[in-house]
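The analysis underlying the following values was restricted to heavy atoms, covering all of them including side chains, and did not include hydrogens, waters or symmetry mates. The structure presented is a predicted model; accordingly, all values stated were derived computationally and were not measured.
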Amino acid sequence: MRFAPSPTGSLHVGGARTALYNLLFARREKGTFILRIEDTDVERSREELTGQILSAMEWLGLEYDEGPYHQSRRYDLYKAAAERLLREGKAYRAFETPEELDAERKAAEAAGKSYRYSGAGRRIDPGESDRRAGAGERFVVRLAMPDETIVVDDLIRGRVEFPAEALDDFVLVRSDGHPLYHFSVCVDDVDMRISHVIRGDDHLANTPKHVALFRALGAPIPRFAHLGMILGTDKKKLSKRHGAAAVEEWRDAGILPEALFNFLALLGWAPGGDREILTRAEMEREFSLERVGASPSVFDPEKLLWMNAQYIARMPAEELLERALPHAAGGAPARDVALRAIELHRPRVRTPIEMGRALSSYAADPSEYEPEGLKKHVRPETAAQLDALARRLEGIPEGEWTAASTEAALRETAEAAGVSAGKLIHPTRLALTGVTVGAPLFDVVALLGRETSLRRLARFREKIRA
RNA sequence: GGCCCCAUCGUCUAACGGUUAGGACACGGCUCUUUCAAGGCCGGAGCACGGGUUCGAUUCCCGUUGGGGCCA
């Protein structure tokens, strides 16, 4: 198996899924997964993008067994293959100039017919062809396509037929000696002994060309499996336009690699049963192309986020802490406090980024208070009630500062003031965290500790009096 | 334009001729509750259309429509 990206952009989620299926299939079938960089398109390929793709693959857990090979370093191979095909009469030189071809194309268009190369080069005598080439005349190398229907037996789509009339003798090598995409792909697939080609649907229409090439090359034809495209919410092929189409954008958005891996695996493949969260080992054990659907699928960020939350729910606290720490911009509390905070916020966050923010709230006092919250929970009598609460809380010694003792203090205060506990709970949460929503108040109070809680309460009382 | 692919809830999907068409995300309700989540329970929501084939079609075949791709 192989994954063969072109370094013309960062790793797209569609490409990532293709790589992922190749990987799972290779593991399942005990095959070898090869990475090959298709960088023969000099105008569009950029060196640094290769590194970007490699690191995105590594992050996602798409490890390969062999490679990366670079097509740009394998020109000798393509050259030798072209010469061999020429020698064997399976390919031929065509000497038309671009202008001539353009004229033919226009003529066909004017006649209302679809254009196909005339095949004129095919009729040039080999000796004559050699002589003209030797004389320095410019030429391209074209494959002599067989005059018969080409059948592609696709593992996902079944039998697909391409009538001979639809295909013409396509160019293998440009006049400057540059091998073209379809040619280098097949030469490499033969050389690397690729047995299964799993790739995007967009290549299905090119497959008859490849089949003809494999035959001309005298090589066994690999099995093909064409995956449906991944679409944006508007049902159009997913692209940068849709926002996050690149793997690294999801990484930066706080998506865990395991979650993205799992999500992508299920975008087109359905393991039996109702399971959605699968371990890597399960996927490698159970993956099968027979259970891969043929239709395109829409990439739903909502579900990805849900899956991310599922992974967060299952992740060991230490690991989650490690992943969240880089995002704790406002600092993080001591490790023991942080680990408890993790458990408090785990069901409330969907990314390590959000967890980082939650951790910071224990390390730094709120810099501001949610205006909506102030309006809603602060009444004229609130300040005095919070004063009373503070007095009671101050009466709790450090060693007895727990969720239970502080809750009792608050409820007693409320009762003494003749108001419901909620009248105190909400402003207190706002005082301690700056926001109106979050983990259960008394757990937060306990975690914050006596000193911090009282300090934040004092600041808030000052603030609402001002 | 020619050729090719695809078609089950809004979305991801299960079903491989006979099911009250199942699950998940999202949505709504209830529950839990100091808030927000998470969890639990409940609910609304789908076989694109038309012909065949068959005792029987979501399922097989053909066409239409709609999406998509490749070539130019």
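- Residue R291(A) places its side chain closer to A15(B) than to any other of C6(B), A15(B), C4(B).
- For the pair R17(A) (side chain) and L267(A) (backbone), a donor-acceptor distance under 3.5 Å is present.
- Here R275(A) pairs with E286(A) in a salt bridge; the nearest charged N to carboxylate O distance falls below 4.0 Å.
- Among residues at least two apart or in separate chains, side-chain hydrogen bond (donor to acceptor under 3.5 Å, both in side chains) pairs with a member in residues 369-384 of chain A are E370(A)-T436(A).
- Remark: U33(B) base-pairs with no nucleotide; criterion is Watson-Crick or G-U wobble with both hydrogen-bond distances under 3.5 Å.
- The aromatic rings of H203(A) and Y181(A) lie parallel to each other, with less than 30° between the two planes, well short of the 60° mark.
- A distance of about 22 Å separates the C1' atoms of G22(B) and G29(B), rounded to the whole Å.
- At U34(B), none of the side-chain N or O atoms of S420(A) fall inside 4.0 Å of OP1 or OP2 (strictly under the cut-off).
- The side-chain hydrogen bond (donor to acceptor under 3.5 Å, both in side chains) contacts involving residues 351-362 of chain A comprise H345(A)-Y362(A), where partners must be two or more places apart or lie in separate chains.
- Counting to the nearest Å, the C1' atom of C5(B) and the NE2 atom of H226(A) are 10 Å from each other.
- Under the Watson-Crick and G-U wobble criteria, each requiring two contacts below 3.5 Å, nucleotide C70(B) is paired to G2(B).
- With sequence neighbours excluded, the residues satisfying side chain to side chain contact (heavy atoms under 4.5 Å, CB included) with A212(A) are L143(A), M145(A), P146(A), I150(A).
- Exactly one of L289(A), L23(A), L24(A), L155(A) qualifies for a side chain to side chain contact (heavy atoms under 4.5 Å, CB included) with I198(A). That residue is L289(A).
- Near-neighbour residues of RNA chain B inside residues 338-362 of chain A, defined by a heavy atom below 4.0 Å, number-ordered: P347(A), R348(A).
- Listed in residue order, the members of residues 267-285 of chain A having a heavy atom less than 4.0 Å from RNA chain B are L267(A), G268(A), A270(A), D274(A), E276(A).
- Across all strands, E161(A) comes closer than 4.0 Å only to sugar-phosphate atoms, never to a base (heavy-atom distances).
- Aromatic pair F299(A)/W250(A): centroids less than 6.0 angstrom apart.
- Residue pairs meeting the salt bridge (charged side-chain N to carboxylate O under 4.0 Å, His left out) criterion with at least one member in residues 255-271 of chain A, sequence neighbours excluded, are E258(A)-R323(A).
- A heavy atom closer than 4.0 Å to some atom of RNA chain B occurs in T436(A), V437(A), G438(A), A439(A), P440(A), L441(A), F442(A), these being the qualifying members of residues 432-458 of chain A.
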Can you tabulate the close N/O pairs, meaning under 3.5 Å, that link protein atoms to atoms of nucleotides 68-72 of chain B?
| residue | atom | partner | partner atom | Å |
| --- | --- | --- | --- | --- |
| G68(B) | OP1 | K236(A) | NZ | 2.6 |
| G69(B) | O2' | D202(A) | O | 3.4 |
| C70(B) | O2' | N206(A) | OD1 | 3.2 |
| A72(B) | O3' | R105(A) | NE | 2.3 |

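- Searching all strands for a Watson-Crick or G-U wobble partner of U20(B) with both distances below 3.5 Å returns nothing.
- Every residue meeting the ring pair (Phe, Tyr, Trp, His ring centres under 6.0 Å) condition with W269(A), not counting sequence neighbours, appears here in chain and number order: F287(A).
- Here the C1' atom of nucleotide C5(B) and the CZ atom of R157(A) are 6 Å apart, to the nearest Å.
- To the nearest angstrom, P of C12(B) lies 14 Å from CG of L264(A).
- The nearest whole Å value for the distance from the CZ atom in R429(A) to the P atom in A37(B) is 12 Å.
- Listed by first then second residue, pairs satisfying salt bridge (charged side-chain N to carboxylate O under 4.0 Å, His left out) with a partner in residues 412-436 of chain A read R392(A)-E412(A), not counting sequence neighbours.
- Side chain of D154(A) to main chain of H226(A): a donor-acceptor pair is present (N/O by atom type, distance under 3.5 Å, no hydrogens or angles).
- Pair assignment for A48(B): U64(B), on the basis of Watson-Crick or G-U wobble contacts that are both within less than 3.5 Å.
- For G28(B), the paired nucleotide is C42(B), the pair qualifying as Watson-Crick or G-U wobble because both relevant distances are below 3.5 Å.
- Within residues 302-333 of chain A, the residues having any heavy atom closer than 4.0 Å to RNA chain B are, in order of number, E302(A), K303(A), W306(A), Q310(A).
- Pairs passing the salt bridge (charged side-chain N to carboxylate O under 4.0 Å, His left out) check and including a residue from residues 299-316 of chain A, sequence neighbours excluded, read E276(A)-K303(A), E302(A)-R350(A).
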